[in-house]
Asks: 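Questions regarding the structure given below will be posed in turn.
Computation of the quantities below employed the complete heavy-atom set of this structure, encompassing side-chain atoms and omitting hydrogens, waters and symmetry-equivalent molecules. Positions are given from 1, in the same order as the sequence printed here. This structure is a prediction, so every number in the text was calculated from the model and none was measured.
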Amino acid sequence: MAERPEDLNLPNSVVARIVKEAIPDGVNVSKEARSAISRAASVFVLYATACANNFALKSKRKTLTGADVLAAMEEMEFEHFVEPLRESLETFKKDQKGKKEATEKKKKSKADAEKSKAENDEAADQESDKDSEEGKDAEEDGDESKEDVEEETKDE
């Protein structure tokens, strides 16, 4: 857990950005108000986490799930947040599934490309080996004919 209570606060820059997006243009928010909102948001997050943790513990789990958070919102009497949160959770799950599928597809195509390259390299190596053997045979034949010519010239 955190050593100091201040460590549990949300970053002021994040809170300031959220506040700025939530209010109309031309409205100013004092530093004191931003600080109070930041502390209130931190307390809310801690309370929601503690409630969700209770649901996880009741289910004999150590991992909090989205369902735990939704149940916590209902217990905390924030029922009007449950449906928008459920929709956000579904959107998040779909996005994650799409990213996972894209990653798997990319890995598969990369593996296929590497396999194809390896097959092409192997075929090229075999062709190169074949050409080398033919070249050696031709050299050996050439060496033999030189020896024959030399012997014939000696005989004369």
Side-chain angles (χ1 to χ4, degrees), residues 1-140:
M1 192 95 176
E3 294 177 17
R4 302 174 302 174
E6 298 84 35
D7 293 342
L8 300 174
N9 288 338
L10 296 172
N12 288 330
S13 60
V14 173
V15 174
R17 184 177 32 142
I18 293 170
V19 168
K20 186 177 179 181
E21 291 174 5
I23 59 175
D25 290 336
V27 176
N28 295 321
V29 180
S30 71
K31 186 175 181 179
E32 182 180 319
R34 283 194 306 269
S35 179
I37 292 169
S38 177
R39 288 191 183 125
S42 296
V43 169
F44 176 79
V45 169
L46 291 170
Y47 182 54
T49 303
C51 288
N53 188 48
N54 289 338
F55 282 101
L57 293 175
K58 286 178 188 174
S59 301
K60 298 180 181 177
R61 290 181 285 109
K62 290 186 177 183
T63 303
L64 301 180
T65 64
D68 296 330
V69 174
L70 294 174
M73 288 293 128
E74 289 178 359
E75 182 178 289
M76 294 166 42
E77 298 181 8
F78 285 100
E79 294 89 6
H80 57 280
F81 284 125
V82 172
E83 195 54 39
L85 283 174
R86 185 174 284 122
E87 290 171 6
S88 294
L89 184 61
E90 289 300 317
T91 302
F92 175 78
K93 286 179 181 179
K94 286 178 185 175
D95 290 346
Q96 291 301 105
K97 186 177 179 182
K99 287 179 183 178
K100 184 178 179 181
E101 289 172 354
T103 301
E104 288 174 359
K105 186 177 179 180
K106 188 176 180 180
K107 284 181 182 179
K108 186 175 187 261
S109 66
K110 185 176 180 181
D112 289 346
E114 288 176 0
K115 183 180 177 183
S116 177
K117 183 182 183 305
E119 289 172 353
N120 289 341
D121 289 348
E122 186 177 321
D125 288 345
Q126 288 176 353
E127 187 67 31
S128 176
D129 290 345
K130 185 178 176 183
D131 289 345
S132 295
E133 288 176 14
E134 289 175 0
K136 286 180 183 177
D137 290 344
E139 282 181 22
E140 289 173 3

Asks: Of all heavy-atom pairs between E75 and F55, which one has the smallest distance, and what is that distance?
Replies: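 Residues E75 and F55, closest heavy atoms: OE1-CZ, 3.3 Å.
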Asks: Could you give me the CA-CA distance, side-chain angles and deciding distance for K93 and K97, then say whether side chain to side chain contact (heavy atoms under 4.5 Å, CB included) is met?
Replies: CA-CA 6 Å; K93 286 179 181 179; K97 186 177 179 182; over 6 Å; no
Asks: With Q96, which residues qualify under side chain to side chain contact (heavy atoms under 4.5 Å, CB included), at least two apart?
Replies: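 Q96 satisfies side chain to side chain contact (heavy atoms under 4.5 Å, CB included) with F92, K99 only.
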Asks: Hydrogens and angles aside, do D68 and T65 bring a side-chain donor and acceptor to less than 3.5 Å of each other?
Replies: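 The criterion, which ignores hydrogens and geometry beyond distance, is satisfied for T65 and D68.
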Asks: Specify the closest pair of heavy atoms between T63 and A56, including all atoms of both residues, with the distance to one decimal.
Replies: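 Of all heavy-atom pairs spanning T63 and A56, the closest is O-CB, 3.9 Å.
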Asks: Write down the atom of E74, the atom of E79, and the distance for their closest heavy-atom approach.
Replies: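 So the two residues come closest at O-OE2, 3.4 Å.
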Asks: With rounding to the nearest 0.5 Å, note down the distance linking CG in L64 to SG in C51.
Replies: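 Output value for this atom pair is 11.0 Å.
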Asks: In chain order, what residues pass the ring pair (Phe, Tyr, Trp, His ring centres under 6.0 Å) check against Y47, with sequence neighbours excluded?
Replies: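 Testing Y47 for ring pair (Phe, Tyr, Trp, His ring centres under 6.0 Å), a comparison that skips the adjacent residues, returns none.
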Asks: Do you know the tightest heavy-atom contact between I23 and V27?
Replies: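 Shortest heavy-atom separation between I23 and V27 comes out as CD1-O, 3.5 Å.
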Asks: May I have the step-by-step check of side chain to side chain contact (heavy atoms under 4.5 Å, CB included) for M76 and F81, ending in yes or no?
Replies: CA-CA 10 Å; M76 294 166 42; F81 284 125; over 6 Å; no
Asks: Between A72 and A52, which heavy-atom pair has the shortest distance, and what is it?
Replies: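 Heavy-atom minimum between the residues: CB-N, 3.5 Å.
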Asks: Which pairs of donor and acceptor atoms, one on a side chain in residues 30-41, lie under 3.5 Å apart (sequence neighbours left out)?
Replies:
{"residue": "S30", "atom": "OG", "partner": "A33", "partner atom": "N", "Å": "3.1"}
{"residue": "R34", "atom": "NH1", "partner": "V29", "partner atom": "O", "Å": "2.8"}
{"residue": "S38", "atom": "OG", "partner": "L10", "partner atom": "O", "Å": "3.3"}

Asks: Look at K107 together with E104 and state whether they make a salt bridge at an N to O cut-off of under 4.0 Å.
Replies: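 Answer for the salt bridge query: no.
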Asks: Return the OG1 to CZ distance between T91 and R86, rounded to the nearest 0.5 Å.
Replies: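 It comes to 13.0 Å.
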